[in-house]
Amino acid sequence: MSEATPAILFVCLGNICRSPLAEGAFRHEAQLAGLEVEIDSAGTGGWHQGEPPDQRARAAAKAGGVDISNLRARQVRLDDFDRFTHIFAMDEQNLADLKAMAPAGSKAEITLLLDLVSGREGASVSDPYYGGEEMFDYTWEDVSTASRALVEKLTA
Ligand code: 4NP
């Protein structure tokens, strides 16, 4: 990876719903744009480590034309703050947890994902885990909109 290559980490709580959807949406948009970028996702919690995305998340991504079934959950690690240039939190709690965990002097820029979307700054991607299947479609829409904005930001 060259110095100039952006490295993007998407973070939620469990890494089985929102952040794998964000990873899948952004992989898709980055590929369409021909963008060279490193992409991963992780959870602040480790309960689902090694698991594929929630079946409802896989279905929502698939409906959007993206297969995320190969992804596996992992927990955020300290070296993530060095390895990634941008870390995007899905909600305020994820953001607070990441900021508390970040080693002093780490280079990663840590912000809310929806800060990328004009008019949605400061908003959270709602946690669909305890919701119905339609919640996962809203999540897919949010992460897809943010992914298009991120491609624009990185190619500007
Ligand atoms: P995620 O959703 O943070 O979007 O992956 C959740 C997944 C699992 C749990 C909570 C939220 N959980 O409590 O196990």
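No hydrogens, no waters, no symmetry mates; every other heavy atom, side chains included, goes into these values. Remember, predicted model here, so these are calculated numbers, not experimental data. When a ligand or atom number is given, it counts from 1 through the structure's own listing order.
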Show every donor-acceptor pair shorter than 3.5 Å between a side-chain atom in residues 62-71 and any protein atom, with sequence neighbours excluded, or say none if there are none.
from, atom 1, to, atom 2, distance (Å)
Asp67, OD1, Ser69, N, 2.9
Asp67, OD1, Ser69, OG, 2.7

Arg72 side, atom CZ; Ile16 side, atom CD1 - distance, nearest 0.5 Å: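 So the CZ of Arg72 and the CD1 of Ile16 are separated by 12.5 Å.
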Listed once per pair and sorted, the ring-ring contact (aromatic ring centres under 6.0 Å, His included) pairs that draw on residues 26-55, sequence neighbours left out: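 Matches after skipping sequence neighbours: Phe10-Phe26.
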Within the protein, residues bringing a heavy atom under 4.0 Å of ligand 1, chain by chain: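 Contacts of ligand 1 under 4.0 Å: Cys12, Leu13, Gly14, Asn15, Ile16, Cys17, Arg18, His48, Asp127, Tyr129, Tyr130.
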Test: Glu133 and Arg56 ion pair at under 4.0 Å: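 No, this pair does not count.
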Test side chain to side chain contact (heavy atoms under 4.5 Å, CB included) applied to Ser19 and Val11, step by step: CA-CA 5 Å; Ser19 60; Val11 173; 5.5 Å; no
Residue pairs, two or more places apart or on separate chains, that pass salt bridge (charged side-chain N to carboxylate O under 4.0 Å, His left out) and touch residues 11-25: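 Non-adjacent pairs meeting salt bridge (charged side-chain N to carboxylate O under 4.0 Å, His left out): Arg18-Asp91, Arg18-Asp127, Glu23-Arg27.
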